[in-house]
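The figures that follow rest on heavy atoms only: side chains count, while hydrogens, waters and symmetry mates do not. This is a predicted model, so every value here is computed, not measured.
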Amino acid sequence: MAQIDQADIPSVPAEVDSYHSLFPLEPLPPPNRIHKSSNFGYITSCYKAVNGKDDLTYCLRRVHGFRLVNTKCMSLVDTWKKIQHSNIVTLREMFTTKVFGEHSLVFAYDFHAGAETMMSRHFNDPSADAYFTKRKWGQHDGPLPRQHAGLLPESLIWAYIVQLSSALRTIHTAGLACRVMDPTKILITGKTRLHVNCVGIFDVLTYDGSQSNPVAVMPQYQQADLISLGKVVLALSCNSLAGIQRENLQKAMELVNINYSSDLKNLILYLLTDQNRLRSVNDIMPMIGARFYTQLDAAQMRNDVIEEDLAKEVQNGRLFRLLAKLGTINERPEFQKDPAWSETGDRYLLKLFRDHLFHQVTEAGTPWIDLSHIVSCLNKVVYGQSSVAPQSGILLCLHLKVDLLSCCPSCTLEQ
């Protein structure tokens, strides 16, 4: 629900295409910035925005100063839009605009509220790189990092591997390449849920219209995806991005060999080592092995917990709609030119029911507030026509039936 004051940030337009209520999700680059993104080669910015067509919130990734000269790349965008995966942030649409004062390319993705990047979750501690930094002459090694004492637990790393490899498998099966397997472009929601973000951007920025078949280069990019996955896994295993630097690879693999299983070590070596043949993400499935079932069981248990919590709240919507209907009738000033409409007939019974719900008092005359009493009485109100005769005083308007005898045992049927 975050919003900005348009006067404070005039560089953010009120509307972009069909989107409004833009809110920056990261610090905006200064107007005179010349440093480009290390990932895309262009200055980028990110906003939360609401689509006026469906009133849903989306994430807009803007590429500054890019003019789209070849619309043939839209075929790749359409392919990306068809990909639906639990670990991929879905691309909804792409469009060009000049409302920012220059040619810009905008990608609209699903919005995951409260998400943070893998970079900010696991690689924001500069002291974690101390093991790989060059030491001065005569300085001894510090303590060796261990699991639960500077390193991530292996179970968490395998959970990430299963999710990232599953995302790559779906992308590669569709004939595409991820090209953004980087800690800054992997979102984490909750404790361990991953979402690969910014997919499809590279395909548009680097599209070469002179090629007869742009998809022909995808196998090369898919091999690069596997290498990038290996770097991410190695960085997680070392809990440091310094470990994936070429001069630190041997030291990083020694750290993995000491602290983790041979399966994890072999997986990293397989992903980072050049092979004489084209590799597939399916090749690492035997290395994952039975750990896949651990993740499947965890996902199903999580689903059970969510369904149990939902079952506790499933009646909330019904009770709210009921209160909304009661509120539109109780003490209504006038209806059909009859100022006493809400005080007569069945409407008067609803007023008494409202007083019974909210205006209870104790023996001393002080207000008695009991939520369980309110919920219990509302649950005794059911939808539909009553089978009881109207003269019994139980049939109410709006097809609501209130069992007044059960709500107020002191009342008689005639009352």
Side-chain angles (χ1 to χ4, degrees), residues 37-41 76 80 83 85 87-89 117-119 122-123 129 132 152 154 156-188 194-203 205-206 214-257 260-288 291:
S37 169
S38 59
N39 295 98
F40 302 117
L76 294 175
W80 276 112
I83 293 182
H85 191 275
N87 299 117
I88 300 175
V89 182
T117 64
M118 180 180 287
M119 175 69 77
H122 295 298
F123 303 114
D129 298 335
F132 297 99
L152 300 178
E154 185 169 350
L156 176 62
I157 298 177
W158 282 111
Y160 287 167
I161 292 173
V162 170
Q163 296 179 72
L164 294 177
S165 61
S166 177
L168 284 184
R169 180 177 178 273
T170 299
I171 294 173
H172 292 180
T173 302
L176 300 170
C178 175
R179 307 179 68 181
V180 285
M181 187 61 63
D182 185 89
T184 62
K185 297 297 178 286
I186 299 175
L187 301 182
I188 303 179
L194 298 185
H195 307 270
V196 180
N197 193 23
C198 297
V199 295
I201 295 182
F202 263 123
D203 293 329
L205 298 183
T206 62
V215 184
V217 298
M218 286 302 173
Q220 177 183 350
Y221 294 142
Q222 292 175 357
Q223 298 302 301
D225 284 344
L226 298 178
I227 296 176
S228 298
L229 175 61
K231 291 181 178 179
V232 170
V233 176
L234 180 58
L236 290 170
S237 303
C238 301
N239 200 25
S240 169
L241 290 178
I244 63 177
Q245 297 177 4
R246 183 177 297 273
E247 62 272 15
N248 296 328
L249 284 179
Q250 182 177 356
K251 196 172 185 179
M253 291 307 303
E254 292 176 355
L255 193 63
V256 174
N257 187 40
Y260 297 105
S261 65
S262 59
D263 285 340
L264 183 59
K265 175 186 175 182
N266 293 335
L267 181 141
I268 296 174
L269 289 175
Y270 178 80
L271 293 175
L272 294 180
T273 305
D274 291 333
Q275 303 289 332
N276 296 327
R277 62 179 181 86
L278 290 179
R279 296 169 296 170
S280 170
V281 68
N282 295 327
D283 297 339
I284 68 175
M285 190 63 191
M287 306 176 193
I288 297 175
R291 299 178 183 89

- Message: Using the rule given for side chain to side chain donor-acceptor pair (under 3.5 Å), can you reason through His172 versus Ser280, listing the C-alpha separation, both sets of side-chain angles and the distance that settles it, and then say yes or no?
- Response: CA-CA 9 Å; His172 292 180; Ser280 170; over 6 Å; no
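- Nearest heavy-atom pair, Val196 versus Ala167, reported as atom, atom and distance to 0.1 Å: CG2-CB, 4.1 Å.
- You'll find the side chain of Leu229 stays beyond 4.5 Å of the side chain of Asp225, heavy atoms only.
- Separating the CZ atom in Arg279 from the CG atom in Leu271 is a distance of 6.5 Å, to the nearest 0.5 Å.
- Counting only heavy atoms from C-beta outward, the side chains of Leu272 and Leu234 approach each other to under 4.5 Å.
- Taking each heavy atom of Trp80 and Gly200 in turn, the nearest pair found is NE1-CA, 3.4 Å.
- Annotation: side chain of Ser261 is in contact with side chain of Arg291 (closest heavy-atom distance under 4.5 Å).
- Taking both residues in full, the closest heavy atoms of Met118 and Tyr160 are given as CE-CD1, 4.2 Å, listed atom of the first, atom of the second, then distance.
- The shortest non-hydrogen separation linking Asn239 to Phe123 is C-CE2, 4.0 Å.
- The OH atom of Tyr270 lies 7.5 Å from the CG atom of Leu226; values are rounded to the nearest 0.5 Å.
- Contact of the Leu164 side chain with the Leu194 side chain is registered, since non-hydrogen atoms from C-beta on lie closer than 4.5 Å.
- Two residues are said to be in side-chain contact when any heavy atoms from C-beta on lie closer than 4.5 Å; Leu278 and Gln222 fail this criterion.
- No side-chain heavy atom of Lys265 sits under 4.5 Å from any side-chain heavy atom of Tyr260.
- Note: Cys178 SG to Tyr221 OH = 13.5 Å, rounded to the nearest 0.5 Å.
- If you take CZ on Arg277 and CD on Gln223, they are separated by 9.0 Å, rounding to the nearest 0.5 Å.
- Once rounded to the nearest 0.5 Å, the distance linking CZ of Arg179 with NZ of Lys185 reads 14.0 Å.
- Using modelled atom types, one side-chain atom of Ser237 and one backbone atom of Val233 make a donor-acceptor pair closer than 3.5 Å.
- Shown here for Ser165 and Ile284, the closest heavy-atom pair between the two residues is CB-CD1, 3.7 Å.
- Residues Leu236 and Ile161 form no side-chain contact, since every pair of their non-hydrogen atoms from C-beta on lies 4.5 Å or further apart.
- Distance CD1/Ile188 to CG/Asn197: 12.5 Å, rounded to 0.5 Å.
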- Task: Any chance you could lay out the side chain to side chain contact (heavy atoms under 4.5 Å, CB included) test for Ile83 and Ile88, step after step, and finish with the verdict?
- Result: CA-CA 8 Å; Ile83 293 182; Ile88 300 175; 3.9 Å; yes
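- Nearest approach of Pro183 to Val232, heavy atoms of both residues: CD-CG2, 4.2 Å.
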- Query: Would His122 and Leu156 count as a side chain to side chain contact (heavy atoms under 4.5 Å, CB included) if you check the C-alpha gap in whole Å, the side-chain angles of each, and the deciding distance to 0.1 Å?
  - Reply: CA-CA 12 Å; His122 295 298; Leu156 176 62; 4.1 Å; yes
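- Side-chain contact between Leu187 and Thr117 is present, with at least one heavy-atom pair separated by less than 4.5 Å.
- Looking at Gln245, its side chain never comes within 3.5 Å of a backbone N or O of Leu241 through a donor-acceptor pair.
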